[in-house]
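Structure first, then comments.
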Amino acid sequence: MNAITSHSALQGLSNQHLDALEEETIYILRETAASFERPTILFSGGKDSLVLLKCAEKAFGVGRIPFPLLMIDTGHNFKEVTDFRDSRAKELGAELIVRSVEDSMARGTVRLSHPGESRNAHQSVTLLEAI
């Protein structure tokens, strides 16, 4: 596909489908806030959770997100990612809860089979401890 073909193919596209998905997400976030006692948004600072956080911002407004952001830290994140996560939560006035797999390991609820094992598979233990 050359540049001319790809440009002309894009001219007929619209954001209608994306707008509908955003509206549905905002509706679900508002219904969740109204229906559940202690909801939270899992927030890692990655692309998926940033999109969800943006929808929450649109649903409730800055400083008005009615539930906390929860991050399960594997200990393998770049400092820039966790710094961005912290600054974004602060900008929005959102409560940020961070729980770490390292702490679960210290308590003995997570045991790695060898020191180099990925902690990703063990995040669910830390998540259950957090909730």
Side-chain angles (χ1 to χ4, degrees):
M1 180 184 267
N2 63 36
I4 295 171
T5 305
S6 65
H7 177 68
S8 62
L10 293 175
Q11 288 178 342
L13 296 178
S14 76
N15 288 331
Q16 186 175 10
H17 181 68
L18 293 175
D19 292 341
L21 288 172
E22 180 184 66
E23 287 175 23
E24 184 175 4
T25 302
I26 289 169
Y27 173 80
I28 291 168
L29 286 167
R30 289 176 177 160
E31 284 296 307
T32 298
S35 301
F36 294 94
E37 189 176 314
R38 293 177 33 201
T40 188
I41 293 177
L42 290 176
F43 181 66
S44 66
K47 64 185 181 338
D48 297 330
S49 59
L50 285 170
V51 169
L52 187 58
L53 186 59
K54 186 63 175 178
C55 288
E57 180 183 355
K58 288 182 175 187
F60 304 108
V62 173
R64 302 193 57 206
I65 297 174
F67 33 81
L69 310 178
L70 173 62
M71 198 264 190
I72 306 300
D73 189 356
T74 61
H76 295 297
N77 295 305
F78 292 109
K79 184 179 179 341
E80 294 83 0
V81 172
T82 56
D83 288 349
F84 178 74
R85 172 205 66 200
D86 295 347
S87 68
R88 190 68 185 115
K90 186 176 180 180
E91 285 171 13
L92 293 174
E95 178 185 359
L96 176 63
I97 300 168
V98 178
R99 298 292 183 263
S100 75
V101 174
E102 187 77 35
D103 289 343
S104 296
M105 291 167 58
R107 282 191 297 278
T109 55
V110 167
R111 292 183 183 91
L112 301 181
S113 59
H114 57 84
E117 179 184 3
S118 173
R119 297 176 182 184
N120 291 349
H122 299 284
Q123 292 180 84
S124 58
V125 173
T126 306
L127 174 59
L128 289 172
E129 291 172 349
I131 57 175

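Under a hydrophobic-cluster definition in which Ile, Leu, Val, Met, Phe, Trp and Tyr are linked whenever side-chain heavy atoms come within less than 4.5 Å, directly or via other members, Phe60 and Leu70 are assigned to different clusters. Hydrophobic clustering of Ile, Leu, Val, Met, Phe, Trp and Tyr side chains at less than 4.5 Å, counting indirect connections, keeps Met71 apart from Val110. The same ILVMFWY cluster, assembled from side-chain heavy atoms under 4.5 Å apart, contains both Val62 and Phe84. No chain of hydrophobic side-chain contacts below 4.5 Å, direct or via other Ile, Leu, Val, Met, Phe, Trp or Tyr residues, connects Phe43 to Leu128. Leu29 and Phe36 are not part of a single hydrophobic cluster, where members link through side-chain heavy atoms under 4.5 Å apart.
A salt bridge does not link Glu129 with Arg99: every distance from a Lys NZ or Arg NE/NH1/NH2 to an Asp or Glu carboxylate oxygen is 4.0 Å or more.
The CZ atom of Arg30 sits 13.5 Å away from atom OG of Ser35, with the distance rounded to the nearest 0.5 Å. Distance check, rounded to the nearest 0.5 Å: CG of Asp83 to CG of Asn77 gives 11.0 Å. Interatomic distance, OG of Ser87 versus CD of Glu80, reported as 12.0 Å (0.5 Å rounding). For the atom pair Lys54 NZ and Thr25 OG1, the distance stands at 14.0 Å (nearest 0.5 Å).
Side-chain contact between Phe67 and Glu95: absent, with no pair of heavy atoms (C-beta onward) separated by less than 4.5 Å. In this structure, Ile28 and Glu31 have side chains that are not in contact, with every pair of non-hydrogen atoms separated by 4.5 Å or more. With a 4.5 Å cut-off on side-chain heavy atoms, Met105 and His122 do not count as touching.
Minimum interatomic distance between Ser113 and Glu117 (heavy atoms only, all atoms of both residues): N-OE1, 2.5 Å. Nearest heavy atoms, Ile26 versus Ala59: CG2-CB, 3.6 Å. Of all non-hydrogen atoms in Ile41 and Ala56, the two that sit nearest each other are CD1-CB, 3.8 Å. Contact detail for Leu96 and Arg85: the closest heavy-atom pair is CD2-NE, 3.7 Å. Looking at every heavy atom in both residues, Pro66 comes nearest to Ala33 through CG-CB, 3.7 Å. The two residues Gly45 and Leu50 come nearest to each other via the heavy atoms O-CD1, 3.4 Å.
The environment of NE2 in His76 is crowded: more than 12 heavy-atom neighbours from other residues, nucleotides or ligands sit within 6.0 Å.
Put simply, the residue from Leu52, Asp48, Leu127, Leu69 that forms a side chain to side chain contact (heavy atoms under 4.5 Å, CB included) with Leu42 is Leu127. Shown are Glu91, Arg64, Arg88; of these, the side chain to side chain contact (heavy atoms under 4.5 Å, CB included) with Glu57 is made only by Arg88.
When atom types are taken as modelled, the side chain of Thr126 and the backbone of Ile72 share no donor-acceptor pair closer than 3.5 angstrom. Of the possible donor and acceptor atoms, one in the side chain of Thr109 sits under 3.5 Å from a partner among the backbone N and O of Ser104. Side-chain atoms of Arg119 come within 3.5 Å of backbone atoms of Thr74 as a donor-acceptor pair (strictly under, hydrogens ignored).
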Point to revise | Criterion side chain to side chain contact (heavy atoms under 4.5 Å, CB included) on Ile65 and Leu53, from CA distance to verdict | key: CA-CA 9 Å; Ile65 297 174; Leu53 186 59; 3.9 Å; yes
